[in-house]
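The basis for the numbers below is simple: all heavy atoms, side chains too, and nothing from hydrogens, waters or symmetry mates.
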Amino acid sequence: MNVEHVSSILDIGGDYIERNIGELAGPGMPRREPRSNQWLIPIMCQCEFGSLIVGEIRIDDSGAVRSAATADEVIRRLSQMCRKLKAPDPADDQLAVSPRSKSFIRRKSSSVKA
């Protein structure tokens, strides 16, 4: 396992997040799961308490995405975590607004052109 391979896995995860989740979410540090021979990349979102893990992406060695949290799952988990931490919910309160999507995390059904 070399640095270039880990970097390419991270790039694949980041591209997937940007296209399918939104630009205000990002990839965390990938880790290898030896049992399944897959890479796990956490999906991270920012809140006032710091970065929260709100989902994950599984990528095989060839770079194919095997499974990933949907935007709706990420929004639901972020909202639950913010309530638990008693933090303002960026998904509801529009505290973090994406210039392209006008929402915290892009939902496929509500694309707004900037």
Just how far is it from atom [atom1] of [X] to atom [atom2] of [Y], taken to the nearest 0.5 Å?
X: Gln80; Y: Ile75; atom1: CD; atom2: CD1; value: 12.0 Å
X: Ile17; Y: Ile12; atom1: CD1; atom2: CD1; value: 12.0 Å
X: Asn37; Y: Ser62; atom1: CG; atom2: OG; value: 11.5 Å

Problem - Ser7 and Glu4 side chains, donor-acceptor separation under 3.5 Å - result: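 Side-chain D/A pair, Glu4 to Ser7: absent.
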
#### Entry: Donor on one side chain, acceptor on other, Thr70 and Asp72, under 3.5 Å
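Checked: Thr70/Asp72 side chains show no N/O donor-acceptor pair below 3.5 Å.
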
If you compare all heavy atoms of [X] against all heavy atoms of [Y], which two are closest, and at what distance to 0.1 Å?
X: Leu10; Y: Pro27; value: CD1-CB, 3.8 Å
X: Glu56; Y: Leu40; value: OE2-CD2, 4.0 Å
X: Ser51; Y: Met44; value: CB-CE, 3.6 Å
X: Val54; Y: Met81; value: CG1-SD, 4.0 Å
X: Asp60; Y: Trp39; value: O-CD1, 4.4 Å
X: Ile41; Y: Gly13; value: CD1-CA, 3.9 Å

Check: [Y] and [X] side chains under 4.5 Å, non-hydrogen atoms:
X: Arg58; Y: Ser36; value: yes
X: Val74; Y: Cys45; value: yes
X: Ile43; Y: Ile53; value: no

Starting from the C-alpha separation in whole Å, work towards a yes-or-no answer on salt bridge (Lys or Arg N to Asp or Glu O under 4.0 Å) for Asp61 and Arg32. CA-CA 10 Å; Asp61 281 332; Arg32 181 103 168 106; 3.0 Å; yes

